[in-house]
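Data block below; observations after.
Because only heavy atoms are used, hydrogens play no part in the values below, and waters and symmetry mates are left out as well, while side chains stay in. Every chain is numbered from 1, with letters handed out A, B, ... down the list of sequences.
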2 protein chains.
Amino acid sequence: MPKSVTRTYSLYSRDAAALLGALIRETRTELKLTTQELADRAGISRGLLQRVEKGNLKCEIGAVFEVATIVGIKLFDADETALRKYMHQTKEKLALLPKSVRKKCKAVHDDF
Amino acid sequence: MPKSVTRTYSLYSRDAAALLGALIRETRTELKLTTQELADRAGISRGLLQRVEKGNLKCEIGAVFEVATIVGIKLFDADETALRKYMHQTKEKLALLPKSVRKKCKAVHDDF
DNA sequence: ATCTTATGGGCTATATGCGAACCAAAGGAA
DNA sequence: TTCCTTTGGTTCGCATATAGCCCATAAGAT
């Protein structure tokens, strides 16, 4: 981020990331994978994996999702098939909504 | 990252991010929020929100979770209370597991 | 007990994600 | 139709997240 942006996160976001990280660590341990092994499989560094497991919110979501996927954590509690199905439904609903959100629109020539 | 890292993502991760982005967009539209408004509320730029809604995996997870939280999407299908409860359970299970994953250990003086 | 490995934390260099400011096109409202 | 707002693309400068090292400690195995 440019210009030193101090982001604030809601409690919910922080807890969600912390939970996901803890789940990853728990599952990794159960699978008897070292941090280095899991990091290698995910194509990330060991340091990044450590931050992911700690629930660091500045990590890129791709790394987090990838690690979660590798250890078998189902995001949205859905497998690949369910994911695509759910996505299809969402796309359909989205198609029914207006393309842009109109807010006001200055009162056109309401001749004073 | 140093040394030009080209990351690969699994289909599952890509679909999960795409779904989350689509859900965000759908909900934002239903709430009649413009991209600028939602971005402001989340404390991020409009450009970043667009990438989030597209399911870009390079976005920081904090931004994605924050936006999702603001529009009311429940991660893990759980509210704050459920999140903490679930987290507590995970921590407990983690406490029962070994602190480190030992792989082999060279055969010590197996004095043939 | 010793040995060996995993983990955590710190450090540096560098690729890159971010915000900001643009522009053009699309699409509701009047 | 004519606005005018929203949206989707850019591009660019810069703060920083990441990879890749280190080292010290923790902890499992023997």
Need the bend value for the helix from C:dA1-D:dT30 to C:dA21-D:dT10: angle between end axes, 5 pairs each end, nearest 10°. 60°

On DNA chain D, does the nearest nucleotide to A:Leu48 precede the nearest nucleotide to B:Pro98 from the 5' side, or the other way round? Give the residue. A:Leu48

Report yes if the side chains of A:Thr27 and A:Leu31 come closer than 4.5 Å at any heavy-atom pair, otherwise no. yes

Partners meeting salt bridge (Lys or Arg N to Asp or Glu O under 4.0 Å) with A:Lys93 (sequence neighbours left out): B:Glu26

Could you list the residues that satisfy salt bridge (Lys or Arg N to Asp or Glu O under 4.0 Å) with A:Arg84, not counting sequence neighbours? A:Glu80, B:Asp15

Does the side chain of A:Asp40 come within less than 4.5 Å of A:Arg46's, by heavy atoms? no

For B:Glu30, which residues count as a salt bridge (Lys or Arg N to Asp or Glu O under 4.0 Å) partner, sequence neighbours excluded? none

Quick one: list whatever passes side chain to side chain contact (heavy atoms under 4.5 Å, CB included) with B:Ala18, sequence neighbours left out. A:Met87

I need the CG-P distance between B:Leu49 and D:dT6, as an integer number of Å. 14 Å

Show your reasoning for whether side chain to side chain contact (heavy atoms under 4.5 Å, CB included) applies to B:Lys91 and B:Tyr86. CA-CA 9 Å; B:Lys91 285 279 186 71; B:Tyr86 197 7; over 6 Å; no

Starting at CG of B:Leu97 and ending at C1' of C:dA6, how long is that distance when rounded to a whole Å? 15 Å

Name every residue in residues 10-17 of chain B that has at least one heavy atom under 4.0 Å from any atom of DNA chain D, in order of residue number, or write none if there are no such residues. none

Give every pair of a protein N or O atom and an N or O atom of nucleotides 25-27 of chain C that lie under 3.5 Å apart, one pair per line with the distance.
residue: C:dG27; atom: N2; partner: A:Arg102; partner atom: NH2; Å: 2.2

Quick one: B:Gln50 CD to C:dC23 P, roughly how many Å, whole number? 17 Å

Side chain to side chain contact (heavy atoms under 4.5 Å, CB included) involving B:Ala63 - partner list, sequence neighbours excluded: B:Ile44, B:Leu48, B:Glu60

Can you check whether A:Arg7 has a side-chain N or O nearer than 4.0 Å to OP1 or OP2 of D:dA15? no

Round to the nearest Å and state the distance from B:Ile61 atom CD1 to C:dC18 atom P. 12 Å

Give the other cluster members for B:Leu97, using side-chain heavy-atom distances under 4.5 Å between Ile, Leu, Val, Met, Phe, Trp and Tyr residues; answer none if it is isolated. B:Leu94

B:Arg51 (side chain) and D:dG8 (base): donor-acceptor pair under 3.5 Å: no

Point-to-point distance, once rounded to the nearest 0.5 Å, from CG of A:Leu20 to OG1 of B:Thr90: 10.0 Å

Nearest 0.5 angstrom please: A:Thr29 OG1 to A:Ile24 CD1, how far? 11.5 Å

Side-chain donor/acceptor pairs under 3.5 Å, residues 66-79 of chain B, sequence neighbours excluded:
residue: B:Glu66; atom: OE1; partner: A:Ser10; partner atom: N; Å: 2.9
residue: B:Glu66; atom: OE1; partner: A:Ser10; partner atom: OG; Å: 3.3
residue: B:Glu66; atom: OE1; partner: A:Ser13; partner atom: OG; Å: 2.8
residue: B:Glu66; atom: OE2; partner: A:Ser10; partner atom: N; Å: 3.2
residue: B:Thr69; atom: OG1; partner: A:Ser13; partner atom: OG; Å: 3.1
residue: B:Thr69; atom: OG1; partner: B:Phe65; partner atom: O; Å: 2.7
residue: B:Asp79; atom: OD1; partner: B:Thr81; partner atom: N; Å: 3.2
residue: B:Asp79; atom: OD1; partner: B:Ala82; partner atom: N; Å: 2.8

Quick check on contacts: within residues 31-44 of chain A, what sits under 4.0 Å from DNA chain C by heavy-atom distance? A:Thr34, A:Thr35

The residue, A:Val101 or B:Lys54, whose nearest nucleotide of DNA chain D is more 5′ is A:Val101

In whole angstroms, how far is the C1' atom of D:dA17 from the CD atom of B:Glu60? 9 Å

Could you tell me which residues satisfy salt bridge (Lys or Arg N to Asp or Glu O under 4.0 Å) with B:Glu53, sequence neighbours excluded, listed by chain and number? B:Arg25, B:Arg28

Quickly work out the A:Arg28 CZ to C:dG8 C1' distance and round it to whole Å. 12 Å

For atom CZ of A:Arg46 and atom P of D:dC21, their distance in whole Å: 12 Å

Take the protein atom CZ of B:Arg25 and the nucleotide atom P of D:dT6, then report the distance between them rounded to whole Å. 14 Å

On a heavy-atom basis, the closest approach of A:Val101 and B:Thr34 is O-CG2, 3.7 Å

